[in-house]
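Heads up, the thing below is written out as structure tokens.
Just so you know, these numbers come straight off a predicted model, no measurement behind them.
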Amino acid sequence: MNILVLNCGSSSVKYQLIEADNRKTLTRGSVERIGMTGATLSNKRHDGDEIRIAGDILDHTIAIEYILAVLLSRNHGVINDKSDIHAIGHRVVHGGAAFANAVLINEDIIQLIRASCDLAPLHNPYNLAGIELMRGLLPSIPQVAVFDTAFHQTMPSHAYTYALPHELCEKEHIRRYGFHGTNHEYVALRSATWLKRPVSELKIISCHLGSGASICAIDHGRSIDTSMGMTPLEGLIMGTRPGDVDPGALLHLMRADSLDVERMDRMLNRESGLKGITGKNDMREILAGAAQGDVQCTRAISAFCYRIRKYIGAYMAALGGLDVLIFTAGIGENSAEIRAGVCQG
């Protein structure tokens, strides 16, 4: 059984084709910079064969058509026909309180995902676009949604409750949901395997540090708290999102600069975080800028690491100790400088 796994973001599509019976990845790749100059598709097959294609990849439709073309390619492909794909799995960021597990996608599920688009505007619309595109291209193949929020459904009420009017929260489903759960759960299990200890014995803090960033406190293999909240805006400083910020500051900006809801939404989701401090949202560029003496880049790195360190301290208290500290995602995996900055002291 071959499963195509898709992770559709705002400007990228990451994918793998997995032979499920043997747990073998036949090929993996990504399309980057969709809708921008310099768009590329890169693909690496299980036998080491690699290709990189540059082109005008204007939208997600073209990106997915490229991916299918590579999978079926005579020289670089791994399947002979679209029918060799037996199921499709989609990463979906926000499932609200509706989903504690993966689900088979149907019209009702699509409507529930669409209803959460306002809560994750940088993610859910693109996750949904991938689902609908694949339903059009491969209508007879079953599709499954896996939700970033599902792992955090084990959080106790004292961790997910906001101190807002109860009736309003009940009516509008306002609570902390958390994100990146698929990865937090995976790396926690991998760490237990690596240490040859049952995950139920370990107190784990997982730091998912990328363009989106979150921390999760994991006790007995269950999420007990996480830094993101009702939306992916809360918590750590991120590429274009501010993380924790005084709501009073936002009210002040709305009054002082006459910002409406749409303008505030754009500022919080696309113009803040590392980009807000430095004008850049790529940590590699910010580290390079700091090395050249850019004061704002240096400040951004210090603030980024300090916020993470604060959360680690808080979660050590929540867990009553710590056995494992995990760094994952693009920055967490690849930047020794950031890891050192977080662990300093």
Side-chain angles (χ1 to χ4, degrees), residues 1-36 38-93 95 99 101-114 117 123-148 150 182-183 185-186:
M1 183 179 186
N2 296 327
I3 300 173
L4 176 62
V5 180
L6 290 178
N7 178 0
C8 293
S10 58
S11 61
S12 68
V13 178
K14 298 174 184 175
Y15 65 92
Q16 292 189 35
L17 187 68
I18 298 169
E19 189 179 81
D21 295 340
N22 299 318
R23 301 194 174 209
K24 176 182 178 182
T25 298
L26 300 176
T27 194
R28 69 177 69 204
S30 64
V31 183
E32 305 287 346
R33 300 182 62 83
I34 296 170
M36 296 180 273
T40 59
L41 179 148
S42 57
N43 184 85
K44 184 173 183 179
R45 209 164 56 188
H46 64 93
D47 60 3
D49 176 80
E50 288 188 66
I51 58 166
R52 187 177 178 85
I53 303 169
D56 294 326
I57 306 175
L58 303 178
D59 56 33
H60 287 71
T61 302
I62 297 172
I64 287 176
E65 288 173 349
Y66 264 66
I67 291 167
L68 289 175
V70 169
L71 295 178
L72 292 161
S73 163
R74 177 176 294 180
N75 295 324
H76 304 285
V78 289
I79 55 175
N80 298 316
D81 189 83
K82 290 179 183 178
S83 63
D84 292 332
I85 299 172
H86 304 117
I88 302 168
H90 295 269
R91 180 247 186 150
V92 180
V93 167
F99 304 105
N101 295 291
V103 294
L104 190 66
I105 294 170
N106 56 33
E107 287 298 331
D108 291 339
I109 299 300
I110 286 175
Q111 292 310 313
L112 287 168
I113 295 170
R114 183 172 283 115
C117 282
H123 302 90
N124 269 39
Y126 304 102
N127 303 155
L128 190 58
I131 291 169
E132 293 181 322
L133 284 167
M134 295 310 296
R135 289 186 98 204
L137 290 168
L138 301 170
S140 63
I141 295 174
Q143 300 193 60
V144 170
V146 179
F147 297 91
D148 272 15
T182 308
N183 190 38
E185 181 178 24
Y186 172 76

Separation of Asn43 CG from Ser73 OG (nearest 0.5 Å): 9.0 Å

Closest approach of Ile113 to Asn124 (non-hydrogen atoms, all atoms of both residues): O-ND2, 3.3 Å

Heavy-atom donor-acceptor pair, Asn106 side chain to Asp108 backbone, under 3.5 Å: yes

Side chain to side chain donor-acceptor pair (under 3.5 Å) contacts touching residues 127-137 (sequence neighbours left out): Glu107-Arg135, Arg114-Glu132

Single hit among Leu26, Thr27, Val5 for side-chain contact (heavy atoms from CB on, under 4.5 Å) with Ile18: Val5

Check: Val92 and Ile131 side chains under 4.5 Å, non-hydrogen atoms: yes

Pairwise salt bridge (Lys or Arg N to Asp or Glu O under 4.0 Å) hits with a residue in residues 65-93, at least two apart: Arg91-Asp148

Under 3.5 Å, sequence neighbours excluded: what are the donor-acceptor pairs made by side chains of residues 136-144?
unit_1 : atom_1 : unit_2 : atom_2 : d
Gln143 : OE1    : His90  : NE2    : 2.4

ring-ring contact (aromatic ring centres under 6.0 Å, His included): pairs with one or both residues in residues 38-64, sequence neighbours excluded: His60-Tyr126

Pairwise salt bridge (Lys or Arg N to Asp or Glu O under 4.0 Å) hits with a residue in residues 137-146, at least two apart: none

Pairwise salt bridge (Lys or Arg N to Asp or Glu O under 4.0 Å) hits with a residue in residues 41-50, at least two apart: Arg45-Asp47

Any pair counted as salt bridge (Lys or Arg N to Asp or Glu O under 4.0 Å), so long as it reaches residues 18-36, sequence neighbours left out: none

By side-chain contact (heavy atoms from CB on, under 4.5 Å) - contacts of Ala63 (at least two apart): Val13, Val31, Ile34, Ile57

Heavy-atom pair with the smallest gap, counting every atom of Ala20 and Ile3: CB-CD1, 3.9 Å

Rounded distance (nearest 0.5 Å) linking atom CD1 of Ile85 with atom CE of Met1: 11.5 Å

Which residues share a ring pair (Phe, Tyr, Trp, His ring centres under 6.0 Å) with Tyr15, sequence neighbours left out: none

Side chain to side chain contact (heavy atoms under 4.5 Å, CB included) between Leu4 and Leu71, intermediate numbers included: CA-CA 10 Å; Leu4 176 62; Leu71 295 178; 4.1 Å; yes

Distance (rounded to the nearest 0.5 Å) between Lys14 NZ and Leu6 CG: 13.0 Å

Minimal non-hydrogen separation, Ile62 against Asp59, with atom names: N-OD1, 2.9 Å

Within residues 62-86 or reaching into it, pairs that qualify as ring-ring contact (aromatic ring centres under 6.0 Å, His included) - sequence neighbours excluded: none

Verdict with reasoning, Asn2 to Val78, per side chain to side chain contact (heavy atoms under 4.5 Å, CB included): CA-CA 10 Å; Asn2 296 327; Val78 289; over 6 Å; no

Spacing of CG belonging to Leu68 relative to CD1 belonging to Ile79, to within rounding of 0.5 Å: 7.5 Å

Closest non-hydrogen atom pair between Gly130 and Ile64, with its separation: CA-CD1, 4.2 Å

Euclidean distance, Ser30 OG relative to Asn7 CG, rounded to 0.5 Å: 10.5 Å

Any residue meeting side-chain hydrogen bond (donor to acceptor under 3.5 Å, both in side chains) with Thr40, in chain and number order, not counting sequence neighbours: none

